[in-house]
A.B. asks: 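Below is a structure I'd like to ask you about.
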Amino acid sequence: MTLIAFEGLPGAGKSTQSRLLAEHLDRAGHAVVYLPDNLTRDTDDLGATLLSLFTRGDPFARHDSVVTEVHLAAAIRTHTLATHIEPTLDQRRTVVEDRGLHTMYSYSLATLLQRHRSAPDLAIAWLYAVGALTGRAADRSLWLRLPVDEAIARAEHRQRHPYTAEQRLYLRYVDDAYRELADRDPTLIVVDVAGRTVNEVHAAVLAALAGDLAASRSNSRPLVPTQRGRRPPSGGRG
């Protein structure tokens, strides 16, 4: 069936909006499953080990080697697809996930931009090549775009502790990375959330998906044809 992913900075409202969408689809008669992000869902021993190796107890910790970081993230994604996503899609259910493949792209691209001063086009092409090996990408990914300072303030309030200066700087690179991806990737839909209430953002999400959801209901088909991996987006800004 259909795989929909929510993307964005901490505090942008991904968990709230993904749950609201899942509830809306359920009320509309869709068979739907909500999938929490990696750090908040139960997983098996292999998944827990991969997450432990990747985060090292700190979701902002970066490995010394960006190659190690990217391939660990890809391994986690591959495992998530095999254990949580593909079996659910095979049951002809829609999956709404809190963070998808673009999370791997954005955070890894942030490291490449910050530490290696990589050219965005080359870095994105490499990341998409790795991502294509993990399996199916989301049919639709929604980037909940929120100014960095506002996102950090929300996340700090929710988590009840301040971010460090290093973490704040890194999140600015993550925001830059999302912008680079959105400029190149038409499957990443931008939903501006600044100044909007939860209900207003939910309405904007439904509006962004309206045509696809209508087609899904009438045709009983996925939002877009299933792809086992997407080509890297072409260079240049779209």
A.B. asks: If you look at every heavy atom in Leu112 and Ala123, which pair is closest and at what distance?
C.D. replies: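 Nearest heavy atoms, Leu112 then Ala123: CD1-CB, 3.7 Å.
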A.B. asks: Rounded to the nearest 0.5 Å, what separation is found between the CG atom of Asp176 and the CG atom of Leu109?
C.D. replies: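 Asp176 CG to Leu109 CG: 9.0 Å, rounded to 0.5 Å.
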A.B. asks: I'd like to know if the side chain of Tyr170 reaches the main chain of Tyr107, judged simply by a donor and an acceptor atom lying under 3.5 Å from each other, with no hydrogens or angles considered.
C.D. replies: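 Yes; at least one donor-acceptor contact below 3.5 Å.
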A.B. asks: Would you confirm whether Arg117, through its side chain, and Gln114, through its main-chain N or O, come within 3.5 Å as a donor-acceptor pair?
C.D. replies: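 A pair under 3.5 Å: yes.
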A.B. asks: Considering only heavy atoms from C-beta outward, does the side chain of Val32 approach that of Val96 to under 4.5 Å?
C.D. replies: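 Val32 reaches Val96 side chain to side chain.
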A.B. asks: Treat each ILVMFWY residue as a node, draw an edge where side-chain heavy atoms are under 4.5 Å apart, and state whether Leu146 and Leu20 are in one component.
C.D. replies: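 Result: no, two separate clusters.
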A.B. asks: Rounded at 0.5 Å granularity, tell me how far CD in Glu86 sits from OG1 in Thr78.
C.D. replies: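 The OG1 atom of Thr78 is 10.5 Å from CD of Glu86, to the nearest 0.5 Å.
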A.B. asks: Test your reading of the model: is there a side-chain donor-acceptor pair from Thr134 to the backbone of Gly131, 3.5 Å cut-off?
C.D. replies: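 Checked: pair present.
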A.B. asks: Going through the checks in order, is the salt bridge (charged side-chain N to carboxylate O under 4.0 Å, His left out) test met by Glu97 and Lys14?
C.D. replies: CA-CA 9 Å; Glu97 60 175 336; Lys14 298 178 298 299; over 6 Å; no
A.B. asks: With sequence neighbours excluded, what pairs up with Arg99 under the salt bridge (Lys or Arg N to Asp or Glu O under 4.0 Å) test?
C.D. replies: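 Here no residue qualifies.
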A.B. asks: Within the structure provided, determine whether Arg140 and Thr187 are in side-chain contact (heavy-atom separation under 4.5 Å).
C.D. replies: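 Of all side-chain heavy-atom pairs linking Thr187 with Arg140, none is under 4.5 Å.
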A.B. asks: Can you tell me how far apart CZ (Arg93) and OG1 (Thr88) are? Round to the nearest 0.5 Å.
C.D. replies: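 So the gap between those two atoms works out to 7.0 Å.
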A.B. asks: Report yes if the side chains of Phe54 and Leu50 come closer than 4.5 Å at any heavy-atom pair, otherwise no.
C.D. replies: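 Counting from C-beta outward, Phe54 and Leu50 never come under 4.5 Å.
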A.B. asks: May I ask you to decide whether Arg19 forms a salt bridge with Asp26, counting only side-chain N to carboxylate O separations under 4.0 Å?
C.D. replies: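 Salt bridge absent between Arg19 and Asp26.
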A.B. asks: Counting heavy atoms not belonging to Asp44, are there more than 12 under 6.0 Å from its CG?
C.D. replies: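 More than 12 within 6.0 Å, yes.
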A.B. asks: How about CD on Glu166, more than 12 heavy atoms from neighbouring residues, nucleotides or ligands closer than 6.0 Å, or not?
C.D. replies: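 Count not over threshold, so no.
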A.B. asks: Closer than 3.5 angstrom, by distance alone: can the side chain of His71 be matched with the main-chain N or O of Val67 as a donor-acceptor pair?
C.D. replies: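 Yes, because the side chain of His71 sits within donor-acceptor range (under 3.5 Å) of the backbone of Val67.
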A.B. asks: When rounded to the nearest 0.5 angstrom, what distance separates CG in Leu209 from CG in Leu21?
C.D. replies: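 So the gap between those two atoms works out to 6.0 Å.
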A.B. asks: Is it true that, when you exclude His157 itself, more than 12 heavy atoms of the residues, nucleotides or ligands shown sit nearer than 6.0 Å to its NE2?
C.D. replies: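 No, because the 6.0 Å sphere around NE2 of His157 holds 12 heavy atoms or fewer from other groups.
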A.B. asks: Name all residues meeting the ring-ring contact (aromatic ring centres under 6.0 Å, His included) criterion together with Tyr105; count only those two or more places apart in sequence or in a different chain, and write none if there are none.
C.D. replies: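 Here the qualifying residues are His102, Tyr128.
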A.B. asks: I would like to know whether Arg168 and Thr164 meet side-chain contact (heavy atoms from CB on, under 4.5 Å); could you show each step before the answer?
C.D. replies: CA-CA 6 Å; Arg168 287 170 172 267; Thr164 66; over 6 Å; no
A.B. asks: Between the side chain of Ser52 and the main-chain N/O of Ala48, is any donor-acceptor distance below 3.5 Å?
C.D. replies: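 Looks like no, no N/O pair under 3.5 Å.
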A.B. asks: Compare every heavy atom of Ala137 with every heavy atom of Leu101, then report the nearest pair and how far apart it is.
C.D. replies: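 Of all heavy-atom pairs spanning Leu101 and Ala137, the closest is CD2-CB, 4.2 Å.
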A.B. asks: Is the backbone N or O of Ser15 less than 3.5 Å from a side-chain atom of Ser18, with the two atoms forming a donor-acceptor pair by type?
C.D. replies: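 Here the side-chain-to-backbone pair exists.
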A.B. asks: Looking at every non-hydrogen atom in both residues, tell me the closest pair between Ala138 and Ala5 and how far apart they are.
C.D. replies: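 Shortest heavy-atom separation between Ala138 and Ala5 comes out as CB-CB, 4.0 Å.
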A.B. asks: Between Tyr178 (side chain) and Trp143 (backbone), is there a donor-acceptor pair under 3.5 Å?
C.D. replies: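 Side chain of Tyr178 to backbone of Trp143: no pair is present.
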A.B. asks: Let me check something: any side-chain donor-acceptor pairs from residues 193-208 under 3.5 Å, sequence neighbours excluded? List them with distances.
C.D. replies:
| unit_1 | atom_1 | unit_2 | atom_2 | d |
| --- | --- | --- | --- | --- |
| Arg196 | NH1 | Asp192 | O | 2.9 |
| Thr197 | OG1 | Glu200 | N | 3.1 |
| Glu200 | OE1 | Thr197 | N | 2.8 |

A.B. asks: Can you list the steps and then say if Trp126 with Leu122 is a side-chain contact (heavy atoms from CB on, under 4.5 Å)?
C.D. replies: CA-CA 6 Å; Trp126 175 61; Leu122 293 176; over 6 Å; no
A.B. asks: When you check the side-chain N and O atoms of Thr111 and Glu69, is any donor under 3.5 Å from an acceptor?
C.D. replies: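 Yes, side-chain donor-acceptor contact under 3.5 Å.
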A.B. asks: State the CD-CZ distance between Glu23 and Arg27, to the nearest 0.5 angstrom.
C.D. replies: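 Nearest 0.5 Å value for the CD-CZ distance: 6.5 Å.
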A.B. asks: Can Met104 be reached from Val174 by stepping across I, L, V, M, F, W or Y side chains whose heavy atoms are under 4.5 Å apart?
C.D. replies: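 Yes, same cluster.
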A.B. asks: Tell me yes or no: between the side chains of Glu7 and Thr103, is some donor less than 3.5 Å from an acceptor?
C.D. replies: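 Their side chains do contain a donor-acceptor pair, which is all the 3.5 Å distance test asks for.
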A.B. asks: Quick check: closest heavy atoms across Leu53 and Leu72, and the distance to 0.1 Å?
C.D. replies: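 Reported closest heavy-atom pair: O-CD1, 4.0 Å.
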A.B. asks: Decide yes or no on side-chain contact (heavy atoms from CB on, under 4.5 Å) for Val33 and Thr94, but give the supporting numbers first.
C.D. replies: CA-CA 6 Å; Val33 171; Thr94 293; over 6 Å; no
A.B. asks: Could you walk me through whether Leu35 and Asp98 pass the side-chain contact (heavy atoms from CB on, under 4.5 Å) check?
C.D. replies: CA-CA 6 Å; Leu35 183 64; Asp98 181 350; over 6 Å; no
A.B. asks: Indicate whether the side chain of Thr2 and that of Asp139 have a donor and an acceptor atom separated by less than 3.5 Å.
C.D. replies: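 There is no such pair (donor and acceptor under 3.5 Å, judged by atom type) between the side chains of Thr2 and Asp139.
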A.B. asks: Output, in order, the C-alpha distance, side-chain angles, deciding distance and verdict of salt bridge (charged side-chain N to carboxylate O under 4.0 Å, His left out) for Asp121 and Arg184.
C.D. replies: CA-CA 9 Å; Asp121 285 340; Arg184 293 163 173 80; 2.7 Å; yes
A.B. asks: Please name the pair of heavy atoms, one in Ala182 and one in Val190, separated by the smallest distance, quoted to 0.1 Å.
C.D. replies: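 That would be CB-CG2, 4.0 Å.
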A.B. asks: Tell me the closest heavy-atom pair linking Arg158 and Pro10, and the distance in Å.
C.D. replies: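 Answer, listing the atom of Arg158 first, then Pro10: NH2-CB, 4.4 Å.
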A.B. asks: How long is the gap from CZ on Arg179 to CG on Leu181, to the nearest 0.5 Å?
C.D. replies: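 If we round to the nearest 0.5 Å, Arg179:CZ and Leu181:CG are 12.0 Å apart.
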A.B. asks: Check whether any side-chain heavy atom of Leu9 sits under 4.5 Å from a side-chain heavy atom of Arg154, and report yes or no.
C.D. replies: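 Answer no - side chains too far apart.
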